[in-house]
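Note that these values count all heavy atoms, side chains included, but never hydrogens, waters or copies made by symmetry. Letters A, B, ... are given to chains in the order of the sequence lines, protein chains preceding strands, and every chain is numbered from 1.
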Amino acid sequence: MSILERDFYNRPALDVARDLLGCRLVRRMDGQRLAGLILETEAYQGEEDLGCHAAAGKTPRTSVMYGPPGHAYVYFTYGMHWMLNAVTDQQDVPAAVLIRAIQPVEGEGLMALNRSTNAGQRGWTDGPAKLTQALAIDKSLNKVDLCSAADGLWIETGIPVPDSRVERSGRIGLNSVPEPWRSIPWRFNVSGGLND
DNA sequence: CGCCAGATCCACT
DNA sequence: GTGGATCTGGCGG
């Protein structure tokens, strides 16, 4: 295993979003490892990106995005869901990458327990709020350092994903965000999963 | 299957 | 007071 270093995150969100595909998201719970390969991401870059929470400026909620790269930005939405982002780009440039889907590879049993539904394995972690539930991620992990295993959440190198397997599209769920931000192709996903 | 409404609460206006 | 980077179950075709 090799934990991604801070320099990996010290780049624009668009670059980090692309390169996080295939990397291994790891959560330590009760001494056990829960992990999945990242299949889908979205980039949110700067106050000028009207789809980014930082478009509202620096607030208590968005402050972590203005800090150093390589930390977790975990926020609450829709009255019941937690979302996991990785803060990117240099200090004072608010940017982050939303992790939208993973493919479980370690600790599948615990993930199933964390998810209430009895859907197939693919249904455990194929949405941004599903994977946070499967990995027991909530506000207690907001702002933790992803470049260290000390806080129980980090990202390791994984399986390289060639450009031929990467699909791009507009970001999901930005229903009231004006163009071009609503449709700009800042969502990345691995076509067909990683069943190599 | 696809569509739709309900759930539920916090940050920001 | 408003609406959201969502998910789920129920209902109809």
Side-chain angles (χ1 to χ4, degrees), chain A residues 9 12-21 23 25 27 34 36 38-67 69 71-89 93-104 111-144 146 153 155 166-190:
Chain A
Y9 301 98
L14 209 55
D15 295 333
V16 177
R18 161 64 181 88
D19 291 345
L20 275 178
L21 294 178
C23 291
L25 176 67
R27 173 88 166 104
L34 309 187
I38 296 174
L39 293 179
E40 182 180 348
T41 60
E42 283 177 3
Y44 291 86
Q45 179 70 46
E47 294 181 346
E48 61 278 8
D49 172 8
L50 296 184
C52 182
H53 288 167
K58 190 172 183 177
T59 68
R61 182 207 205 188
T62 62
S63 65
V64 63
M65 280 199 281
Y66 289 77
H71 290 255
Y73 167 40
V74 179
Y75 72 91
F76 182 79
T77 192
Y78 289 112
M80 58 181 75
H81 295 306
W82 297 99
M83 302 286 169
L84 172 65
N85 297 252
V87 172
T88 79
D89 219 324
V93 176
V97 172
L98 172 68
I99 314 292
R100 291 192 54 90
I102 62 174
Q103 175 175 317
M111 289 190 207
L113 283 178
N114 289 335
R115 300 272 295 128
S116 54
T117 71
N118 202 16
Q121 174 172 334
R122 186 171 173 189
W124 299 343
T125 54
D126 63 351
K130 295 182 182 179
L131 74 90
T132 56
Q133 189 181 354
L135 299 185
I137 292 168
D138 61 18
K139 69 177 177 187
S140 69
L141 291 168
N142 192 27
K143 303 187 181 183
V144 304
L146 296 174
L153 182 66
I155 305 177
V166 176
E167 294 179 340
R168 295 181 61 162
S169 71
R171 296 173 292 182
I172 307 296
L174 305 189
N175 298 307
S176 58
V177 172
E179 298 291 1
W181 310 109
R182 180 174 171 176
S183 302
I184 197 167
W186 285 2
R187 168 176 174 264
F188 297 81
N189 72 287
V190 181

Separation of [N] [atom2] from [X] [atom1] (nearest whole Å):
X	N	atom1	atom2	answer
Asn142(A)	dC10(B)	CG	C1'	13 Å
Arg182(A)	dG4(C)	CZ	P	11 Å
Arg115(A)	dT6(C)	CZ	C1'	11 Å
Asp126(A)	dC7(C)	CG	P	8 Å
Arg61(A)	dT13(B)	CZ	P	10 Å
Leu131(A)	dC7(C)	CG	C1'	13 Å
Trp82(A)	dA11(B)	CH2	C1'	12 Å
Trp124(A)	dC7(C)	CH2	C1'	18 Å

Considering heavy-atom distances to DNA chain C, does Gln133(A) or Ala96(A) have its closest nucleotide positioned more toward the 5' end?
->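 Nearest-nucleotide comparison on DNA chain C picks Ala96(A).
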Quick one: ring pair (Phe, Tyr, Trp, His ring centres under 6.0 Å) partners of Tyr75(A), sequence neighbours excluded?
->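 In terms of ring pair (Phe, Tyr, Trp, His ring centres under 6.0 Å), with neighbours along the sequence ignored, Tyr75(A) is linked to His53(A), Tyr73(A).
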Please name all residues satisfying ring pair (Phe, Tyr, Trp, His ring centres under 6.0 Å) with Phe76(A), sequence neighbours left out, ordered by chain then number.
->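 Per chain and number, Phe76(A) pairs via ring pair (Phe, Tyr, Trp, His ring centres under 6.0 Å) with Trp82(A).
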Are any of Arg187(A)'s side-chain N or O atoms less than 4.0 Å away from OP1 or OP2 of dA5(C)?
->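 Checking Arg187(A) against dA5(C): no side-chain N or O falls below 4.0 Å of OP1 or OP2.
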Taking OP1 and OP2 of dT6(C), is either one under 4.0 Å from a side-chain nitrogen or oxygen of Arg171(A)?
->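 No.
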Residues in salt bridge (charged side-chain N to carboxylate O under 4.0 Å, His left out) contact with [X], at least two apart in sequence or another chain:
X	value
Arg27(A)	none
Arg61(A)	none
Glu40(A)	Arg100(A), Arg187(A)

Donor-acceptor pair, side chain of Thr41(A) and main chain of Leu21(A), under 3.5 angstrom =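 Pair absent, no side-chain N/O of Thr41(A) close to backbone of Leu21(A).
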Report yes or no: does Asn142(A) contribute a side-chain atom to a donor-acceptor pair with the main-chain N or O of Val74(A) at less than 3.5 Å?
->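 At least one qualifying donor-acceptor pair exists.
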Strand DNA chain C in bracket notation, Watson-Crick/G-U under 3.5 Å with | for pairs to another chain = ||||.|||||||.
Base, sugar-phosphate, or nothing for Leu98(A), non-hydrogen atoms under 4.0 angstrom?
->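 Touches a base.
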Identify whether any heavy atom of Asn85(A) sits under 4.0 Å from a base atom; if not, whether one sits that close to sugar-phosphate; answer base, sugar-phosphate or nothing.
->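 Contact class for Asn85(A): base.
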Please tabulate, for the side chains in residues 178-186 of chain A, all donor-acceptor contacts under 3.5 angstrom to protein atoms that are two or more places apart in sequence or on a different chain.
unit_1: Glu179(A); atom_1: OE1; unit_2: Ser183(A); atom_2: N; d: 3.1
unit_1: Glu179(A); atom_1: OE1; unit_2: Ser183(A); atom_2: OG; d: 3.2
unit_1: Glu179(A); atom_1: OE2; unit_2: Ser183(A); atom_2: OG; d: 2.7
unit_1: Arg182(A); atom_1: NH1; unit_2: Asn175(A); atom_2: O; d: 3.3

Qualifying residues under side chain to side chain contact (heavy atoms under 4.5 Å, CB included), relative to Pro94(A), sequence neighbours excluded |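 Testing Pro94(A) for side chain to side chain contact (heavy atoms under 4.5 Å, CB included), a comparison that skips the adjacent residues, returns Glu47(A), Ala54(A), Met65(A), Tyr66(A).
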Are the side chains of Pro128(A) and His81(A) in touch, meaning some heavy atoms are under 4.5 Å apart?
->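 They are not in contact (no side-chain heavy atoms under 4.5 Å apart), so the answer is no.
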Span that lies between the P atom of dA5(C) and that of dC3(B), in whole angstrom |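 My reading of the P atoms in dC3(B) and dA5(C) gives 22 Å.
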Could you please name the option among dA11(B), dC7(C), dA5(C) that lies closest to any side-chain atom of Lys130(A)?
->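 Selected nucleotide (nearest to the side chain): dC7(C).
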Using a 4.0 Å cut-off on protein heavy atoms (strictly under), produce a 5'-to-3' string for nucleotides 4-9 of chain B with B for base contact, S for backbone-only sugar-phosphate contact, and - for none.
-> ---BBB
